[in-house]
J.: 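Sharing a structure, written as structure tokens. Questions coming.
In what follows, chains are A, B, ... by sequence order, proteins preceding strands, each numbered from 1. Just the heavy atoms: all of them, side chains too, but no hydrogens, waters or symmetry mates, feed the values below. Keep in mind that what you see is a predicted model, and the values were worked out from it rather than measured.
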Amino acid sequence: MSRLLEVDDLRVRYGKVHALHGVSLRVERGTIVTVIGPNGAGKTTLLGAVMGLLASSGTIRYDGADIGALPVESRVAAGLCLVPERRELFGELTVEDNLRLGAFQRVRRGERGAANELGEVYARFPRLKERRAQLAATLSGGERQMLALGRALMAKPRLLMLDEPSLGLAPRIVRDILRIIAELRETGVSILLVEQNARAALGIADRGYVLETGEVVLSGSAAELAGNPRVAESYLGLAGDRDQGTGDRAQKNPKPETRGQERVK
Amino acid sequence: MSADIVLWLVQDGITTGAIYALLALALLLVFAVTRIIFVPQGEFVSYAALSLGMLQTGQTPGTVWVLIAGGAIVAVLEGASALARREPARLARILAVYVAGPLAIAALARWGAAHALGLWAQMAIVAALVVPLGPLLYRIAYRPLADASVLVLFIVSMAAHYVLSGLGLVIFGGEGLRTNPISEARFDVGVLKIGAQSVWVAGASLVCMIALWLFFEHTLVGKALRATAINRVGARLAGIPAGLTGSIAFVLAAAIGAASGVLISPIATIYYDSGLMISLKGFVGAILGGMASYPLAALGALGVGLIESFSSFWASALKETIVFTLIIPVLLWRSLASRHPAVEDEEE
């Protein structure tokens with residue numbers, strides 16, 4: 001069985017600043033792979049490049065095919081979905097419209113399943129069903145994350161990429177979201193999870209990569225990483241203070257800039 | 001100024017204002033979905049009006065050549081990209097849509113010019129000629145630059161405007177045309193004699209607006225267009241193709257332009273370069289409405305029509321000056337009083 005995602009020597013730069021220097025990464029089918037690392041290590045950039053939002057060099061093979069030249073919407077059609085850190089919801093549309101638009105390509109291709117999917121998403125997130133007629137902009141942080149996740153599920157992803165799904169959420173909601181992510185793996189969805197909450201991420205992941213200043217510095221099974229003293233010290237907060245890398249600051253600036261180009265509202 | 005003059009000016013202002021309102025909606029729609037300030041919107045108006053005029057005088061509208069040439073350019077672009085992606089199977093479809101389609105429409109227009117058709121049939125031919133120009137223009141001029149800044153897209157718009165109005169001079173000549181009204185009837189309402197054409201203009205504008213509203217509120221594609229306007233990244237992540245929403249926005253813009261041209265041509269003599277002035281007034285209306293809300297844009301454009309009508313009575317020579325000068329205080333007030341969404345985009 002071939003790997004679902006194979007990324008080799010991926011490089012991204014913002015002007016003169018290199019954000020990723022040759023990252024390689026694998027996602028096996030039906031597994032959760034997590035990428036942990038400090039702020040500004042290039043985690044969001046990595047997902048953006050795999051999704052096609054950012055220009056990159058190197059190869060990205062998805063389901064055996066090189067998708068490096070495909071536009072974002074074709075990657076979505078192939079089952080590659082990203083739930084971005086900023087959620088990127090349609091604030092002035094209702095919850096239900098946000099979800100329906102997640103299945104836009106499937107409806108256009110004439111697939112019948114989109115209506116069933118809506119039912120499944122509502123079953124998974126009863127909260128969204130309660131708020132189906134509400135505008136997305138009026139939702140709370142946790143509900144917004146559920147909606148972003150639900151919208152991605154409407155596209156029937158085979159590889160779901162999640163960028164900081166726990167960011168800014170209450171611990172109980174974080175637990176819910178992580179439980180749902182683990183359940184999704186049972187339904188055959190592979191997951192690439194970027195998290196700052198390394199403990200939680202390694203808790204549900206099968207494999208992990210540690211990204212620092214644009215490079216993979218460690219990789220291995222989730223259990224190995226959790227047991228690695230360096231990981232424990234830097235990311236799990238077991239020893240010493242949590243002074244996270246010194247190289248982040250230089251990397252921090254490029255991020256908001258690119259968002260400015262990509263985002264309109 | 002007596003009361004019946006006021007009423008007459010109001011009626012006149014509402015008639016032209018309704019057309020400006022349609023154009024304001026088209027400009028706002030294109031801007032929201034694609035961030036393009038669509039200067040060539042007016043060319044659809046003049047092309048439609050002059051094509052209808054030529055059909056009524058029994059000539060084949062020169063628009064057919066623009067349509068055929070535009071289709072050929074797109075066929076070459078699309079063909080090259082299909083071959084580059086090694087999908088030669090798509091070539092047949094490309095030839096059918098972009099070469100055979102325009103030729104068929106051209107043949108229809110030629111046939112229509114030779115036979116004395118009814119006004120509605122002529123309008124349908126005009127729509128078939130003008131509406132495809134919208135997506136063709138989008139494919140040729142804008143889509144290769146989809147990620148460019150608002151300013152670059154605006155410069156492209158200026159270029160497209162000059163090319164289209166230059167072509168307009170070549171194919172239609174410098175003479176203005178006026179077409180037959182839908183109905184010559186006049187209704188006496190109190191002191192007013194309301195022309196049936198005015199009623200048609202107001203009614204057709206209203207129908208277009210309701211149709212647009214239904215499209216945006218009740219169809220998935222309409223919602224996809226709104227979603228793209230609300231959050232471009234979100235729309236791409238949801239798999240809504242930017243090229244598709246752009247093309248649809250341009251189809252709608254061209255259709256609205258064609259409708260405006262057909263409606264205004266019995267009221268005003270249209271020249272090859274009249275479109276710019278008409279669509280600029282729609283643009284002023286959209287700006288008065290803040291470039292953000294469709295109802296406000298329509299109201300703003302209606303206001304432009306009324307102001308124009310009254311200023312042509314008081315200071316006929318200065319009517320354009322008055323309308324365009326209006327932008328300055330409004331922009332000043334808006335920039336002081338509120339956050340301006342269009343400016344915010346640039347700054348972010």
J.: Roughly how far, to the nearest 0.5 Å, is CG of Asn98(A) from CG of Asn231(B)?
T.: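 If we round to the nearest 0.5 Å, Asn231(B):CG and Asn98(A):CG are 9.5 Å apart.
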J.: Between Leu244(B) and Phe104(A), is there a side-chain heavy-atom distance shorter than 4.5 Å?
T.: yes
J.: Return the option, out of Arg106(A), Arg87(A), Arg100(A), Arg108(A), with the maximum number of heavy-atom pairs under 4.5 Å with chain B.
T.: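 Of Arg106(A), Arg87(A), Arg100(A), Arg108(A), Arg108(A) has the most heavy-atom pairs under 4.5 Å with chain B.
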J.: Within a radius of less than 6.0 Å around CZ of Arg93(B), do more than 12 heavy atoms belonging to other residues, nucleotides or ligands occur?
T.: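 Result for CZ/Arg93(B): open.
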J.: Please round to the nearest 0.5 Å and tell me the distance separating atom CZ of Arg226(B) and atom CG of Leu93(A).
T.: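 The distance works out to 5.0 Å.
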J.: Give a yes or no on this: more than 12 heavy atoms of other residues, nucleotides or ligands lie within 6.0 Å of atom CZ of Arg13(A).
T.: no
J.: Examine whether an atom of Ala235(B) lies under 4.5 Å from a heavy atom of chain A, and if so say whether it belongs to the side chain, the backbone or both; otherwise answer neither.
T.: both
J.: Taking the side chain as every heavy atom from C-beta outward, state whether Pro84(A) and Val233(B) have any atom pair closer than 4.5 Å.
T.: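 Pro84(A) vs Val233(B): side chains apart.
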J.: Quick one: pull up CG in Asp97(A) and CG in Leu220(B) and give me the separation to the nearest 0.5 Å.
T.: 8.5 Å
J.: How far does CD of Glu92(A) sit from CD1 of Ile230(B), to the nearest 0.5 angstrom?
T.: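 That separation rounds to 4.5 Å.
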J.: Would you compute the distance between atom CZ of Arg236(B) and atom CE of Met51(A) and round it to the nearest 0.5 angstrom?
T.: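 That separation rounds to 9.0 Å.
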J.: Closest heavy-atom contact between Phe90(A) and Ala238(B)?
T.: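 That would be CZ-CB, 4.4 Å.
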J.: Please check if atom CZ in Arg109(A) has more than 12 non-hydrogen atoms from other residues, nucleotides or ligands closer than 6.0 Å.
T.: yes
J.: Is there any residue in residues 69-83 of chain A with a non-hydrogen atom under 4.5 Å from a non-hydrogen atom of chain B, and which ones are they?
T.: Val72(A), Glu73(A), Val76(A), Leu82(A)
